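Data first, discussion second: the structure below is written as structure tokens.
When a residue number appears, it is its place in the shown sequence, counting from 1. Just so it is clear, the model here is predicted, and its values are computed rather than measured.
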Amino acid sequence: MKKLLLVLLAGILLLSACGRPSGGSNSANGEEGSEGNSEQYTIRIAHLVSEEQSSHIAAEDFKEKLEEESDGRLNVEIYPNGQLFPSDREAIEAVQLGNVEMTIPAIAPLASFNSGFSVFDLPFLFDDYDAAYAALDGELGQGLLDSLEEDGMKGLVFGENGFRHLSNNEGPVESLEDIQGLKMRTLESSLHTDTFKQLGMNASPFAFGELYTALQQGTYDAMEAPISLYYTNKFYEVQDYLTLTSHVYQATILLMNNDFYQGLPKDLQELVMEASEEFRENQRQLAQQQDTEFLEDLKENGMKVNELTDEQRQEFIDAVQPVYDKYEEEIGQDLIEQAQSANE
């Protein structure tokens, strides 16, 4: 029933909004500048996180810049909290089909649409933030962004959810023995799910928008997420123990329907790219600030937090090596090596 209501609400909101030019055809195809062109364009951004989280806050700044600097030719509507779609996968598909213009998903579900993005799901791939940024903002990341045009999407920039950590309701995690058999919710990514199965957990994917209730009802014992999502979605109310594993650096992506982007006049395309780059810098800075603040808030709200020692973490790293072997051919050894070289 809940999912049916969400679908009906999405349909009503989508029918009431217009994402195409409000007058004339979308024939500019990126060639016409602003002179003599006063057509208006609506950009609907559907995402899953709450209004408190850094992606939404940065999206509000993105909206303000586009609307002001386009002299009203761009109108931006933001739908947070999974109002239109309960999962990133569905939001990505809607952008691909042109049912909405933009979304800001975690990149793990994007691998179902473009397998190259699976490289970023590999566990313990990056040592720190600098390595992640070097890979995402360099040749590797740009090549993957460009490749999305073949899938009907325009990859604008990478944002940040941050390093992901493990939580559960059974006890603190200090070794692999502590997580054996736990019912584990994973992202909608086969590589992600296989990683936790390799660690000995009973892992399966589940939509983020319905996760709180599933944890509350005991459908899952464990989950993993960045610190910001634990706090802004109040998962501390349904998860008792948090272990700082930093097992995956999770980027997000500012994703737009490619036909819509290519149909914008050239000056608006340039404005969208400029605003996207500002989004990336502002959102990453805010995300790291929130991680520090929200971790203390999680502790104050009763979550018991522990961090793996180097030796404990190495046990996890060794255990997931078969995941690299399994996905090497699918991802490509060249992409894996390119990503790993960012740690040097």
> Taking C-beta and beyond as the side chain, do Ser70 and Leu268 meet within less than 4.5 Å on heavy atoms?
Replying inline: yes
> Less than 4.5 Å apart, any side-chain heavy atom of Lys299 and any of Leu242?
Replying inline: no
> Under the salt bridge (Lys or Arg N to Asp or Glu O under 4.0 Å) rule, what pairs show up with a residue in residues 170-180, not counting sequence neighbours?
Replying inline: none
> Is there side-chain contact between Tyr230 and Met303, with heavy atoms separated by less than 4.5 Å?
Replying inline: yes
>> Can you pull out every salt bridge (Lys or Arg N to Asp or Glu O under 4.0 Å) where at least one residue sits in residues 304-329? Sequence neighbours excluded, please.
In response: Asp194-Lys326
> With sequence neighbours excluded, what pairs up with Phe206 under the ring-ring contact (aromatic ring centres under 6.0 Å, His included) test?
Replying inline: Tyr220
> What distance separates Leu295 CG from Leu244 CG, expressed to the nearest 0.5 Å?
Replying inline: 6.0 Å
Side chains of residues 135-143: which donor-acceptor partners sit under 3.5 Å, not counting sequence neighbours?
{"from": "Asp137", "atom 1": "OD1", "to": "Arg284", "atom 2": "NH2", "distance (Å)": "3.0"}
{"from": "Asp137", "atom 1": "OD2", "to": "Arg284", "atom 2": "NH1", "distance (Å)": "2.7"}
{"from": "Gln142", "atom 1": "NE2", "to": "Asp146", "atom 2": "OD1", "distance (Å)": "2.9"}

> Looking at residues at least two apart in the chain, or sitting in another chain, which of them share a ring-ring contact (aromatic ring centres under 6.0 Å, His included) with Phe316?
Replying inline: none
> Is any NZ, NE, NH1 or NH2 atom of the basic residue among Glu277 and Arg280 found under 4.0 Å from an Asp or Glu carboxylate oxygen of the other?
Replying inline: no
> What salt bridge (Lys or Arg N to Asp or Glu O under 4.0 Å) pairs are there with at least one residue in residues 221-230, not counting sequence neighbours?
Replying inline: Arg164-Glu224
>> Using side-chain heavy atoms (C-beta onward) and a distance below 4.5 Å, is Met102 in contact with Arg44?
In response: no
> Hey, mind stepping through Val49 and Ile104 against side-chain contact (heavy atoms from CB on, under 4.5 Å) and telling me if it holds?
Replying inline: CA-CA 9 Å; Val49 301; Ile104 315 173; over 6 Å; no
>> Atom NZ of residue position Lys63 - does it have more than 12 heavy atoms of other residues, nucleotides or ligands inside 6.0 Å?
In response: yes
>> When you compare the side chain of Ile331 with that of Leu122, does any pair of heavy atoms fall below 4.5 Å?
In response: yes
>> Give me each pair satisfying ring-ring contact (aromatic ring centres under 6.0 Å, His included) with a member in residues 162-196, each pair once, sequence neighbours excluded.
In response: Tyr129-Phe163, Phe163-Tyr249, His192-Phe196, Phe196-His247
> Hey, are Glu93 and Asn99 close enough side-chain-wise for a donor-acceptor pair under 3.5 Å?
Replying inline: no
>> Determine whether Gln250 and Ile107 satisfy the following criterion, side-chain contact (heavy atoms from CB on, under 4.5 Å), listing intermediate values before the conclusion.
In response: CA-CA 7 Å; Gln250 185 68 69; Ile107 60 174; 3.4 Å; yes
>> Taking ring-ring contact (aromatic ring centres under 6.0 Å, His included) as the definition, give me every residue that meets it alongside Phe208, ordered by chain and number, with sequence neighbours left out.
In response: Phe235
> About how many Å separate CG of Leu254 and CD1 of Ile45, when rounded to the nearest 0.5 Å?
Replying inline: 6.5 Å
> Would a 4.5 Å heavy-atom cut-off, applied to side chains only, mark Leu187 and Asp88 as touching?
Replying inline: no
>> Can you confirm whether Ile253 sits close enough to Leu148 that some side-chain heavy atom of one is under 4.5 Å from a side-chain heavy atom of the other?
In response: yes
> Between the side chains of Asn81 and Ser50, is a donor N or O closer than 3.5 angstrom to an acceptor N or O?
Replying inline: no
>> For residues 268-294, which residue pairs pass the ring-ring contact (aromatic ring centres under 6.0 Å, His included) check, not counting sequence neighbours?
In response: Tyr231-Phe294
> Tell me, do Asp61 and Glu278 make a side-chain contact under 4.5 Å, heavy atoms counted?
Replying inline: no
> For residues 109-121, which residue pairs qualify under side chain to side chain donor-acceptor pair (under 3.5 Å), counting only residues two or more places apart or in two chains?
Replying inline: Arg89-Ser112, Asn114-Ser147, Asn114-Asp151, Asp121-Ser189
>> What I want to check is whether the side chains of Glu52 and His56 have a donor and an acceptor closer together than 3.5 Å.
In response: no
>> Checking Phe120 against Leu144 for the side-chain contact (heavy atoms from CB on, under 4.5 Å) test, could you report, in this order, the C-alpha distance in whole Å, the side-chain angles of both residues, the deciding distance, and whether it holds?
In response: CA-CA 11 Å; Phe120 297 122; Leu144 288 169; 3.5 Å; yes
> Could you state the interatomic distance from CE (Met201) to CG (Leu182), rounded to the nearest 0.5 Å?
Replying inline: 4.5 Å
> Given Glu149 and Tyr261, is the side-chain contact (heavy atoms from CB on, under 4.5 Å) satisfied, shown in steps?
Replying inline: CA-CA 10 Å; Glu149 294 188 19; Tyr261 177 82; over 6 Å; no
> Got a sec, which pairs hit ring-ring contact (aromatic ring centres under 6.0 Å, His included) with one end in residues 319-339, sequence neighbours left out?
Replying inline: none
> Which side chain to side chain donor-acceptor pair (under 3.5 Å) pairs, counting each pair once, include a residue from residues 335-344, with sequence neighbours left out?
Replying inline: Gln333-Glu337
